[in-house]
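Each residue takes its place number in the sequence, starting with 1.
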Amino acid sequence: MERAREHDACPGALSVHPAADGALARIRLPGGMLTPAQLTALADAARRFGSEAMELTSRGNIQIRGISDPAAVADAVAAAGLLPSPTHETVRNIVASPLSGRCGGATDIRPWVTRLDHAIQSELALAALPGRFLFGIDDGRGDIAALAADVAVQTLGASGDEAAVLLAGRDSGVRVAAGDAVEVMVTVARRFTASRGGAWRIAELDDTSALLDGFARRAAPAPATPAPRPPIGWIPQDDGRVTLAAGVPLGVLTARLAEFLAAIDAPLIVTPWRSVLVCDLDEGVADTAVRVLAPLGLIFDENSPWLRISSCTGLPGCARSAADVRADAARAATEAAPPGQTRVHRHFVGCERACGTPPGAQVLVATGEGYRLRNPHP
């Protein structure tokens, strides 16, 4: 099903969106990876030129809202090394298994993220990709495969030397050598760009066979499997160090809290589940970090109800919204879940667009007189 809208309105750091509360910039973080210095730079830009309440997105990116000086924010993003290609800035949408190379998984796919990012920027034609087109790299554990990226690869077997190619979250049956995975994803994206017509996502195409023309289907497509629970809490790494996986309530990361995270001076990953990983910590540093960060509102308890509640921006930031859904979602997180729904993820939205809906979530749409259940998000 093609979308009627002709203009790609997905914002970037240069092409901001005029929201009800001011300009909105979205900064792409391929694989969710960023340095402490980069997070500090974003927090400083948010505090100086916009809202201090930054937002984590369902693609592992960061948004700054209420911007009064878009040019100053763009300059800050570029100076932090987060704007390597002005022509391709909105199409560098890459999600990847966040614990890869540190804990579990068949192979370390972090170098794949870097290669894919460089390959996307090197393809002039891919500057025309829709801003919602999503690449995924799964290290074999199934976390990214469940996100229904437009094109994704998932490593197979204990060695991870082969990968399955997925289109719109479904196994295509195509198997490629691990070393060819990036090239295959770029080829699919290039073919989609050339033939998409009015489609914005691969899932909107009636026929996807041409996207994989020339690649051999060497296996029967595997059925989708349940995704593992997103990482949260204290996670021992394979090298004896620790990753802290911190849930961020409703995905709102204040500039102050971002600065606390950056002060730990460790590699950071923003996940598609609106959480932040602080990696490669000695146990003593990790223990101190939890004692400091938990009272500031970050979630380290995998049973916290905050991990099963999310929302779009809602009022006053979005003029389309029928309610302050973020306030309503926060209220729901502090109340007892409805009977039989203690493990159901509820996503509160202000209109039918249902922005930011996580896979498998129960969507509650504001009506102005309460909320009603919505059919599954397309």
Verdict with supporting geometry, Leu116 and Phe135, side chain to side chain contact (heavy atoms under 4.5 Å, CB included):
CA-CA 9 Å; Leu116 177 58; Phe135 297 87; 3.8 Å; yes

Between Arg326 and Glu55, does a salt bridge (Lys or Arg N to Asp or Glu O under 4.0 Å) hold up when you go through it step by step?
CA-CA 12 Å; Arg326 190 169 280 168; Glu55 296 175 337; 2.8 Å; yes

Please test Ile62 against Leu39 for side chain to side chain contact (heavy atoms under 4.5 Å, CB included), starting from the C-alpha separation and ending with a verdict.
CA-CA 10 Å; Ile62 290 180; Leu39 183 57; 4.2 Å; yes

Report the C-alpha separation of Ile120 and Ile94 in whole Å, then their side-chain angles, then the decisive distance to 0.1 Å, and conclude whether the side chain to side chain contact (heavy atoms under 4.5 Å, CB included) test is met.
CA-CA 10 Å; Ile120 292 169; Ile94 305 171; 4.0 Å; yes

Which is it for Arg47 and Glu259 under the salt bridge (Lys or Arg N to Asp or Glu O under 4.0 Å) test, yes or no, and what are the steps along the way?
CA-CA 11 Å; Arg47 177 176 285 117; Glu259 289 168 345; 2.5 Å; yes

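The aromatic rings of Tyr371 and Phe348 sit perpendicular to each other, their planes meeting at more than 60°, with 30° as the lower class boundary.
The distance from atom OG1 of Thr208 to atom CG of Asp150, rounded to the nearest 0.5 Å, is 11.5 Å. Atom CG of Leu253 is separated from atom CG of Leu261 by 6.0 Å, given to the nearest 0.5 angstrom.
Within the hydrophobic cluster formed by Ile, Leu, Val, Met, Phe, Trp and Tyr side chains joined at under 4.5 Å, directly or through other members, Ile144 is accompanied by Val95, Leu134, Leu147, Trp273. Taking a 4.5 Å side-chain heavy-atom cut-off between Ile, Leu, Val, Met, Phe, Trp and Tyr, the cluster of Val16 contains only that residue.
Geometric assessment of Arg110 against the ring of Trp112 yields a negative cation-pi assignment under the 6.0 Å and 45° thresholds.
The shortest distance between side-chain heavy atoms of Thr57 and Gln63 falls below 4.5 Å. Residues Phe133 and Val91 have side chains not in contact (no heavy-atom distance under 4.5 Å, counting atoms from C-beta outward).
Screening Asp280, Thr243, Asp108, Asp239 for a side chain to side chain donor-acceptor pair (under 3.5 Å) with Arg102, the sole residue that qualifies is Asp280.
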